[in-house]
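Count residues from 1 along the sequence. Worth knowing before you read on, the calculation uses all heavy atoms, side chains too, and leaves out hydrogens, waters and symmetry mates. Every number for a ligand or one of its atoms is a count from 1 in the order of the listing.
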Amino acid sequence: MSGARIDPGLYRERDLVSVKRALIAVSDKTGLVELASALVDAGVEIVSTGGTSKAIADAGLPVTQVADVTGYPEHLDGRVRTLHPAVHSGLLADLRLEHHERELAQLAIAPYELVVVNLYPFVETVASGAEADEIVEQIDIGGPAMVRASAKNHANVAVVVSPDRYGEVVSAVRDGGTTLAQRRDLAREAFRHTATYDIAVASWIGSVVAPDQAVEESPFPAWVGAAWTKDADLRYGENAHQKAARYSAVGGRPGIAQARQLHGKEMSYNNYVDADAAVRAAYDFDAPAVAIIKHANPCGIAVAASGAADPIADAHRRAHECDPVSAFGGVIAANRTVTREMAETVSGIFTEVLVAPGFEPEAVEVLTQKKNLRLLELPAGFSPPVTEIRQVSGGLLLQQADRSFAPAADWTLAAGDPADEATLADLEFAWRACRAVKSNAILLASGGASVGVGMGQVNRVDSCKLAVERAGDRAAGSVAASDAFFPFADGLQILLDAGVTAVVQPGGSVRDEEVVAAAKAAGVTMYFTGERHFFH
Ligand SMILES: NC(=O)c1ncn([C@@H]2O[C@H](COP(=O)(O)O)[C@@H](O)[C@H]2O)c1NC=O
C-alpha cells in the first residue's frame with residue numbers, strides 16, 4: 001500500500017504550534033539539562049528514554065519515562081524502546097486533519113509538538129576500531145524512526161537533531177510556539193541528518209560486513225553513497241559568470257577543502273583547483289619538494305639538493321628557476337613547513353597561493369606583508385587521497401589515485417650504458433615529477449629539478465618541442481621523462497637533438513625498435529619502466 005490520498009480540502013491551516021509535550025532522546029547530552037530546564041519552566045511536559053530521562057531527573061526536573069507511555073519496559077538491550085504506536089502515533093498524527101485528531105483521542109494517545117533526538121554515535125564507534133557486533137549495536141533504529149516521523153509531520157511537530165538549535169527552539173517555545181517556517185527548516189536538517197547517518201551505515205555494511213560479490217575482482221562497491229555539506233559560496237567559478245561553492249565531504253579524509261587560510265584574499269575556485277594540483281605534485285615526493293602550478297600544470301617542480309642548509313627553501317628556489325616567467329601568479333605547494341628563508345624568496349615573486357603543512361612564525365610575518373598572497377595551511381595529518389572521483393555527464397568515474405611508482409631498480413635498460421647513480425636519481429625524479437603534468441607530458445630535469453616541461457599537448461612531438469624550448473640551454477645534459485611511450489622516434493629525436501643524455505619512458509609501442517634505435521644512434525641511455533602515468 002502506498003501513502004493514502006487525502007482530499008486537499010480537509011487540511012486545516014496551522015502555523016504557530018504551541019509546545020505542551022516534548023519527546024527527548026539524545027545520545028549527545030550537550031546542553032540537555034539547560035534545554036529541559038527551559039522547557040519545564042515554560043510548562044512543557046517531557047517524555048524521555050533511559051539515559052536521557054536519568055540526566056533530566058538527576059538535575060531535579062520532572063520527566064515521564066517513555067516506558068510509562070508505551071506500557072512496555074525498554075527491552076532487548078534497548079533495541080526496542082520508543083518503537084511503539086503510543087510514541088509514533090503521537091509523532092505522526094497530522095492534527096490539521098480532524099479525523100487524525102479524533103483517532104488519536106479514541107486511542108488515548110497524546111501528541112508531541114517537539115521532538116529532540118540525536119543518534120547513537122555510529123561513525124565514532126567505527127572510527128574507534130570497535131568489533132563488528134559492538135558497531136552493529138550502535139546502528140540507531142528508534143532514533144531515526146522518530147526523527148523521520150516528526151520531520152514528515154513538520155506541519156505539526158518541530159524536530160531538533162542538533163544541540164546548536166536548542167537556543168532558538170527554547171525562544172520559540174517561550175514566544176508562544178514554533179512557526180511552520182521554523183518546523184520546515186528543522187525538518188530539512190532532520191532528513192539530511194538521517195540520510196547522512198544511513199549513508200555511513202550502508203557504506204560500512206557494504207565495505208566491511210557484506211562486501212559486494214564483485215569486490216573480489218574490483219575494489220569498488222556496487223553502490224557509493226556520499227554526503228557533502230557546504231562550507232562557503234565562492235565569489236565565482238572558473239569564470240566570473242559562473243557561480244560556485246565549496247563543500248566538505250561528510251566523514252571524508254581532510255584535504256585542501258579543509259585547509260586553514262592564514263592570510264590573504266578569499267580563495268577562488270581556480271585557486272582551489274590549482275592548490276589541489278600543487279599539493280598532489282609536491283606530496284608525491286618523500287624528500288622536501290615544491291611544485292609551482294599554473295592552470296593545473298607544474299611550471300616548476302624540484303626536490304631539495306642533498307645537504308641543502310634549508311631544504312624547502314632550496315627546493316622552492318630550484319623549482320622557480322625552471323620557468324620564472326610562468327611562475328608569475330602561480331600557486332605554490334611545499335610538502336614541508338615553510339621557513340623564513342623560503343618566505344623571503346616567495347615574497348619577491350607575485351604568487352597567488354602558497355599552501356604547505358605549516359609555516360614558521362617568522363615566515364608568516366614575512367608573507368602576511370603581501371596583501372594579495374593567500375596562505376593555506378593543510379589540515380594536520382594530511383595525506384593525498386587514495387581514490388579519485390570525476391564527474392561525467394550522467395554519472396561519475398572512480399579510480400585509485402596514481403600512487404604506484406616503479407623504482408629504477410625495476411626498470412629495463414633499453415638503450416645505451418646503465419646510468420650512473422646521479423643520472424639514475426635524476427631519471428627517478430623526472431619520472432615521478434612527470435606524473436604531475438597533464439598528458440602528453442615530457443619533463444626535462446637536472447639535479448632533482450625540472451628544467452623544461454612540455455604539457456597538455458595533443459601529440460608527443462609538440463610536448464617535446466615545448467619542453468626543449470622552455471629548457472633552452474639547460475636541455476643539453478638534462479634527462480627526460482615521458483609519461484607514455486613514444487609512438488614514433490620523431491618526438492624522442494627532438495630531445496636527442498637538444499642534448500638530452502638519458503630518457504625514461506614506459507616502452508610498449510609497436511615501434512619501440514625504431515625509438516630504441518634512435519636512442520642508440522645518439523649514444524643515449526634509455527630505460528623502460530613498463531608503467532604509464534597519464535594524467536588528464
Ligand atoms: N530502540 C529504540 O526504540 C530507541 N529509541 C531511541 N533510541 C536512541 O536512544 C538514544 C537515547 O538513549 P538514552 O536516553 O538511553 O541515552 C538516542 O540516541 C535515540 O536515538 C533508540 N535506540 C536505538 O535504536
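- Protein heavy atom in closest approach to atom 9 (O) of ligand 1: R81 NH2, 2.6 Å.
- The protein non-hydrogen atom at the shortest distance from atom 1 (N) of ligand 1 is R79 O, 2.7 Å.
- The distance criterion of under 3.5 Å between nitrogen or oxygen atoms is met by G142 with respect to ligand 1.
- Close approach of ligand 1 to V26 is summarised as follows: ligand atoms under 4.0 Å from at least one heavy atom of the residue are 11 (C), 16 (O).
- The ligand atoms of ligand 1 that sit less than 4.0 angstrom from a heavy atom of G50 are 14 (O), 15 (O).
- The nearest pair of heavy atoms linking A36 to L61 is CB-CD1, 3.8 Å.
- For the pair R192 and E189, the minimum side-chain heavy-atom distance is 4.5 Å or more.
- Between E74 and ligand 1 there is no heavy-atom distance shorter than 4.0 Å.
- Listed by number with element, the atoms of ligand 1 under 4.0 angstrom from any heavy atom of V117 are 20 (O).
- At least one N/O-N/O distance between G51 and ligand 1 falls below 3.5 Å.
- I109 approaches G90 most closely through the heavy-atom pair CG2-N, 3.8 Å.
- To the nearest 0.5 Å, the span separating OH on Y72 from CG on L83 amounts to 12.5 Å.
- At least one heavy atom of K29 sits less than 4.0 Å from an atom of ligand 1.
- What sits closest to atom 20 (O) of ligand 1 on the protein, heavy atoms only, is D140 OD2, 2.6 Å.
- The nearest heavy-atom contact from the protein to atom 14 (O) of ligand 1 is T52 OG1, 2.5 Å.
- Between K370 and H263, the shortest heavy-atom contact is O-NE2, 2.7 Å.
- For the pair R435 and F405, the NZ or CZ position fails the cation-pi test of under 6.0 Å to the six-membered ring centre and within 45 degrees of the ring normal.
- Of the N or O atoms in T49, one or more lie within a sub-3.5 Å distance of an N or O in ligand 1.
- Nearest approach of Y112 to V157, heavy atoms of both residues: O-CG2, 3.3 Å.
- The V80 neighbourhood of ligand 1 comprises atoms 1 (N), 3 (O), with distances under 4.0 Å to a heavy atom of that residue.
- Polar contact check, I141 against ligand 1: a nitrogen or oxygen pair lies under 3.5 Å apart.
- A donor-acceptor contact under 3.5 angstrom links the side chains of Q242 and N239, judged on distance only.
- The pair R165-D185 counts as a salt bridge, with a side-chain nitrogen and a carboxylate oxygen less than 4.0 angstrom apart.
- The atoms of ligand 1 that sit less than 4.0 Å from any heavy atom of L83 are 3 (O).
- A salt bridge links R79 to E137: at least one charged side-chain nitrogen sits closer than 4.0 Å to a carboxylate oxygen.
- Where the criterion is an N or O separation shorter than 3.5 Å, residue side chain and backbone included, G78 meets it with respect to ligand 1.
- Among all non-hydrogen protein atoms, the one lying nearest atom 5 (N) of ligand 1 is T82 OG1, 2.7 Å.
- Salt bridge absent: E113 and R21 never bring a charged side-chain N and a carboxylate O closer than 4.0 Å.
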